[in-house]
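Take a look at the structure below.
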Amino acid sequence: MSAERLKLLVTGAGGMLGQEVVAAARLAGHGVVALGRPELDVTAGESVRRRLEAERPDAVVNCAAYTNVDGAEDEREPAFELNGRAPGVVAAAAAEVGASILHLSSDYVFDGRKGEPYVESDATAPLSAYGESKLAGEESTIAVNPRHFVVRSAWLFGLGGRNFVDTMLRLGRERDEVRVVDDQVGSPTFCPDLAEALLALIATEDHGVHHVAGAGACSWAELATETFARAGVDCRVVAITTAEMARPAPRPAFSALASERAATPRLHPWQESLQTYLGARARRAQVPA
Ligand SMILES: NC(=O)c1ccc[n+]([C@@H]2O[C@H](COP(=O)([O-])OP(=O)(O)OC[C@H]3O[C@@H](n4cnc5c(N)ncnc54)[C@H](OP(=O)(O)O)[C@@H]3O)[C@@H](O)[C@H]2O)c1
């Protein structure tokens with residue numbers, strides 16, 4: 001990785017991943033303009049262009065998104081506005097000031113029928129409105145800024161936002177058992193691992209689509225089981241099917257991600273990063289309020 005100091009502009013900087021990208025970039029010595037939703041609404045095209053023109057960053061990391069997978073089924077228009085069209089506006093504004101764009105996408109652009117980990121060249125076929133909106137965002141980004149990094153990741157967890165691991169730990173302390181889906185498999189990804197990989201990518205000219213997710217794969221039930229075992233929580237995981245769970249948005253049955261690109265950063269096995277995360281949570285809990 002180049003040690004060059006860059007000026008980065010991060011949108012959606014208040015989100016779970018955005019916070020980690022900002023922290024990792026500052027730690028790496030980059031200049032960072034961190035813009036949460038109150039500072040920059042990425043759907044307000046003129047404001048986006050003006051802000052980028054004023055800041056003139058080397059690269060933009062677009063972490064802003066509509067991330068309510070079930071909500072998107074009923075709220076297609078807001079989801080497409082934020083996930084589909086706004087990324088194209090941000091990417092074009094970046095191109096106008098000579099900046100590269102790093103945009104986040106999702107394993108939910110795949111239908112889950114491949115039966116083995118998806119690589120970058122695999123055909124997309126989203127099942128849900130959320131997945132369709134994320135695919136639209138990939139396309140609108142790629143169309144307007146040749147210096148793009150479209151990074152598909154999956155099943156994020158980290159200190160900065162609501163995530164499955166936290167939900168399981170809360171439920172596991174309240175109940176004797178939890179019912180968790182066992183027929184959806186993916187690649188759990190620790191936000192700080194992903195943030196570091198994004199910074200490594202940005203320092204290159206290796207543009208295009210990249211798959212960056214925790215190494216390995218598991219089902220949600222396996223992730224819950226591993227979380228309880230490692231955190232010492234005495235709660236039984238009852239494996240159920242997707243059909244029993246009855247959520248509004250369809251989800252891919254198998255959406256583990258792998259990379260076919262030699263230079264794409266590889267992340268730690270998800271179990272190792274889960275352990276790191278549990279340690280970070282425990283340390284945070286000891287900090288006086
Ligand atoms: N979470 C996952 O498991 C997962 C998996 C695969 C891919 N991804 C992708 O990774 C990226 C980051 O996800 P995340 O988990 O960090 O999501 P997140 O915690 O929901 O963060 C998204 C951020 O975008 C902000 N935002 C919403 N509308 C905005 C607007 N109009 N202008 C500017 N900012 C706006 C949100 O602000 P408010 O909180 O104020 O709404 C929030 O801070 C997204 O592209 C997501 O699709 C996530």
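We count residues from 1, following the sequence as given. Since the model is a prediction, treat every value here as computed from it, not as a measurement.
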Quick check for you: to the nearest 0.5 Å, what is the distance between [X] atom [atom1] and [Y] atom [atom2]?
{"X": "Glu75", "Y": "Asp70", "atom1": "CD", "atom2": "CG", "result": "11.5 Å"}
{"X": "Glu260", "Y": "His211", "atom1": "CD", "atom2": "NE2", "result": "8.0 Å"}
{"X": "Ser187", "Y": "Phe254", "atom1": "OG", "atom2": "CZ", "result": "7.5 Å"}
{"X": "Asp193", "Y": "Leu267", "atom1": "CG", "atom2": "CG", "result": "5.5 Å"}
{"X": "Leu169", "Y": "Arg281", "atom1": "CG", "atom2": "CZ", "result": "4.5 Å"}
{"X": "Cys63", "Y": "Leu198", "atom1": "SG", "atom2": "CG", "result": "7.0 Å"}

Is there a donor-acceptor pair under 3.5 Å between the side chain of [X] and the backbone N or O of [Y]?
{"X": "Glu73", "Y": "Ala129", "value": "yes"}
{"X": "Asp58", "Y": "Lys7", "value": "yes"}
{"X": "Ser255", "Y": "Tyr108", "value": "no"}
{"X": "Lys134", "Y": "Gly137", "value": "no"}
{"X": "Glu272", "Y": "Pro269", "value": "no"}
{"X": "Arg37", "Y": "Ala64", "value": "no"}
{"X": "Ser273", "Y": "Trp270", "value": "no"}
{"X": "Asp183", "Y": "Thr241", "value": "no"}
{"X": "Arg284", "Y": "Leu159", "value": "yes"}
{"X": "Thr124", "Y": "Phe110", "value": "no"}

Does any part of the side chain of [Y], heavy atoms only, come nearer than 4.5 Å to the side chain of [X], both counted from C-beta?
{"X": "Leu135", "Y": "Glu138", "result": "yes"}
{"X": "Leu194", "Y": "Glu20", "result": "no"}
{"X": "Cys218", "Y": "Glu226", "result": "no"}
{"X": "Ser259", "Y": "Glu120", "result": "yes"}
{"X": "Leu8", "Y": "Leu199", "result": "yes"}
{"X": "Pro265", "Y": "Leu201", "result": "yes"}
{"X": "Ser47", "Y": "Leu40", "result": "yes"}
{"X": "Arg251", "Y": "Ser128", "result": "no"}

After noting the C-alpha distance and the side-chain angles of Leu223 and Phe157, does the key distance pass the side chain to side chain contact (heavy atoms under 4.5 Å, CB included) rule? CA-CA 11 Å; Leu223 180 54; Phe157 60 95; 5.6 Å; no
Taking all non-hydrogen atoms of both residues into account, name the closest pair between [X] and [Y] and its distance.
{"X": "Val69", "Y": "Ala249", "result": "O-CB, 3.6 Å"}
{"X": "Val119", "Y": "Lys114", "result": "N-NZ, 4.0 Å"}
{"X": "Ala195", "Y": "Ala24", "result": "CB-CB, 4.1 Å"}
{"X": "Asp206", "Y": "Ala263", "result": "OD2-CB, 3.6 Å"}
{"X": "Val60", "Y": "Pro57", "result": "CG2-CG, 3.9 Å"}
{"X": "Gly14", "Y": "Gln19", "result": "O-NE2, 2.9 Å"}

For the hydrophobic clusters of this structure (ILVMFWY residues joined by side-chain heavy atoms under 4.5 Å, transitively), does one cluster hold both [X] and [Y]?
{"X": "Leu274", "Y": "Phe164", "result": "yes"}
{"X": "Leu17", "Y": "Tyr66", "result": "no"}
{"X": "Val185", "Y": "Tyr118", "result": "no"}
{"X": "Leu104", "Y": "Val209", "result": "no"}
{"X": "Val22", "Y": "Leu35", "result": "no"}

Glu53 pairs by side chain to side chain donor-acceptor pair (under 3.5 Å) with which of Arg50, Arg49, Arg56?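 Passing option: Arg56.
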For a quick check under 3.5 Å, do [X] and [Y] share a side-chain donor-acceptor pair by atom type?
{"X": "Thr11", "Y": "Asn62", "answer": "yes"}
{"X": "His210", "Y": "Thr264", "answer": "yes"}
{"X": "Thr43", "Y": "Glu81", "answer": "no"}

Near [X] [atom1], under 6.0 Å, is it more than 12 heavy atoms from other residues, nucleotides or ligands?
{"X": "His268", "atom1": "NE2", "result": "no"}
{"X": "Arg147", "atom1": "CZ", "result": "yes"}
{"X": "Arg162", "atom1": "CZ", "result": "no"}

Show your reasoning for whether side chain to side chain contact (heavy atoms under 4.5 Å, CB included) applies to Leu127 and Arg113. CA-CA 11 Å; Leu127 299 175; Arg113 299 199 177 102; 4.0 Å; yes
Could you walk me through whether Glu132 and Arg76 pass salt bridge (charged side-chain N to carboxylate O under 4.0 Å, His left out), step by step? CA-CA 10 Å; Glu132 285 178 40; Arg76 280 184 77 90; 2.8 Å; yes
Tell me, with the steps shown, if Leu82 and Val42 meet side chain to side chain contact (heavy atoms under 4.5 Å, CB included). CA-CA 7 Å; Leu82 187 47; Val42 295; 3.4 Å; yes
Is the centre of the His103 ring less than 6.0 Å from the centre of the Phe149 ring?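 Judged by ring-centre distance (under 6.0 Å), His103 and Phe149 do not meet the cut-off.
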Test log, rule side chain to side chain contact (heavy atoms under 4.5 Å, CB included), inputs Met168 and Val180: CA-CA 9 Å; Met168 286 303 118; Val180 188; 4.0 Å; yes
